Enquirer: 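Just dropping this structure here.
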Amino acid sequence: MADDPLSKIHQLCHDIPAAHDDLAAHAALAATLVGAEICSVMLVNGEGENARMSIAASHGPLTQEAAATLVARGEGLAGQVFANGTSMLVDDILASPYAVMARRPAAPGRSLMLAPIRIEGRVAGTLTASCGTAKGCFDEQDLALLETVALFVGRAVQMRQLRGILASRFTQLALAQELQGTAAKIVYQKPDHVARLLARSFYREMARAGFDSNQIVQAASEIIAQLNASLARHSARDGRK
């Protein structure tokens, strides 16, 4: 692969479609682009103080300890990126204020960089690259490439969530009913019970697909907004009669 930035960006645009929502493929692509030995994708689970990041995909010889680590906001390098949403470039971790955080102090490649993974403006995880023996240190050009891949990773996570939703039986049934063009005409003795059942199914399927609480609330708020708009239109039509 050519070393100039334009060629690398061209290669990135060429390779990303093949990766789709495969996070391991994105990690491997990032490693190739920046010359990293190890590249990992960490994603956030939980909300607020309970939010933790864990490894969702990786490329290279990741240690079992690193693969099993849960990172809180502000904890370690990844936790700092999670907390402030700012990328980080470290030339040599042993010669930096983060020396105590080095997982492999004896390894020859000690340069590393981290970029936030964003979804709709919020930090949903981090993309980390660790330098290998074939490369001295990362530079700002490498960091820019990593940040670019992180943008694609955010889109890939959204695609995985969407695939999870579309794969659910709940959504398939709703889509099937909509495609038929007619609403299901089923008489229930307790409509309020059915409404609660559907609400629980909606929450369960979105949570299972990987959406967090804020996103589920946002979706529910959109449903309420559409309902209010529909009621307003009906009221306006009734007023004109």
Side-chain angles (χ1 to χ4, degrees), residues 5 8-34 36 38-48 50-60 62 66-67 69-89 112-130 138 140-167 205-219 221-222:
K8 287 189 174 183
I9 293 174
H10 179 270
Q11 187 67 37
L12 171 65
C13 295
H14 178 270
D15 291 341
I16 281 292
H20 292 293
D21 62 346
D22 186 343
L23 299 184
H26 283 77
L29 177 59
T32 300
L33 287 172
V34 303
I38 302 171
C39 192
S40 61
V41 175
M42 299 193 81
L43 296 179
V44 178
N45 296 292
E47 291 291 324
N50 295 323
R52 296 291 186 275
M53 288 196 303
S54 60
I55 298 290
S58 64
H59 172 81
L62 195 70
T69 298
L70 297 178
V71 178
R73 192 185 305 271
E75 184 178 79
L77 298 182
Q80 291 183 40
V81 175
F82 175 28
N84 57 39
T86 303
S87 299
M88 185 178 295
L89 173 63
L112 71 157
M113 52 186 178
L114 305 91
I117 298 169
R118 299 181 184 278
I119 297 179
E120 296 182 353
R122 67 181 181 86
V123 177
T126 60
L127 179 61
T128 303
S130 301
F138 293 126
E140 293 295 336
Q141 176 183 311
D142 296 323
L143 182 60
L145 285 169
L146 190 74
E147 290 173 335
T148 303
V149 178
L151 294 175
F152 284 100
V153 173
R155 297 299 183 190
V157 172
Q158 287 183 306
M159 186 180 298
R160 285 165 62 112
Q161 293 175 338
L162 180 59
R163 286 181 186 273
I165 285 291
L166 293 178
E205 294 298 343
M206 290 199 72
R208 185 179 298 165
F211 289 87
D212 60 31
S213 299
N214 288 336
Q215 292 171 317
I216 296 174
V217 170
Q218 182 179 357
S221 299
E222 179 63 25

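Heavy atoms only: backbone and side chains are in, while hydrogens, waters and symmetry mates are out. The structure presented is a predicted model; accordingly, all values stated were derived computationally and were not measured.
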Enquirer: Stepwise, does the side chain to side chain contact (heavy atoms under 4.5 Å, CB included) test hold for L112 with L77?
Expert: CA-CA 10 Å; L112 71 157; L77 298 182; 3.7 Å; yes
Enquirer: Return the minimal non-hydrogen interatomic distance between A31 and H59, and the atom names on each side.
Expert: CB-CD2, 3.5 Å
Enquirer: For the atom pair CD (E75) and CD (Q80), what is the distance rounded to the nearest 0.5 Å?
Expert: 10.5 Å
Enquirer: Could you grab the distance from atom CD of Q158 to atom CZ of F211, nearest 0.5 Å is fine?
Expert: 8.0 Å
Enquirer: Testing the basics here: between T86 and N84, what is the closest heavy-atom pair and its distance to 0.1 Å?
Expert: N-OD1, 2.9 Å
Enquirer: Should S130 and C39 count as side-chain neighbours, where that means a heavy-atom distance under 4.5 Å?
Expert: no
Enquirer: Answer yes or no: does atom CZ of R52 have more than 12 heavy-atom neighbours from other residues, nucleotides or ligands under 6.0 Å?
Expert: yes
Enquirer: Taking distance alone, no hydrogens or angles, what donor-acceptor pairs closer than 3.5 Å link side-chain atoms of residues 117-129 to residues at least two apart or in another chain?
Expert:
unit_1, atom_1, unit_2, atom_2, d
R118, NH2, G85, O, 2.4
R122, NH1, D212, OD2, 3.1
R122, NH2, D212, OD2, 3.0
R122, NH2, Q215, OE1, 3.4

Enquirer: Heavy atoms, side chains only, cut-off 4.5 Å: are L43 and L23 in contact?
Expert: yes
Enquirer: If you compare all heavy atoms of H26 against all heavy atoms of V149, which two are closest, and at what distance to 0.1 Å?
Expert: O-CG1, 3.9 Å
Enquirer: Which atom names give the shortest non-hydrogen contact between S54 and N45, and what distance separates them?
Expert: OG-ND2, 3.4 Å
Enquirer: Do you know which two heavy atoms are closest between V81 and L114, and how far apart they sit?
Expert: CG2-CB, 3.9 Å
Enquirer: How long is the straight-line distance from CD1 of I216 back to CE of M206, given to the nearest 0.5 Å?
Expert: 5.5 Å
Enquirer: Applying side chain to side chain contact (heavy atoms under 4.5 Å, CB included), name anything that partners A67, two or more places apart in sequence or on another chain.
Expert: L62
Enquirer: Are any of the side-chain heavy atoms of F82 and V71 separated by less than 4.5 Å?
Expert: no
Enquirer: Listed by chain and number, what are the side chain to side chain donor-acceptor pair (under 3.5 Å) partners of S58, not counting sequence neighbours?
Expert: none
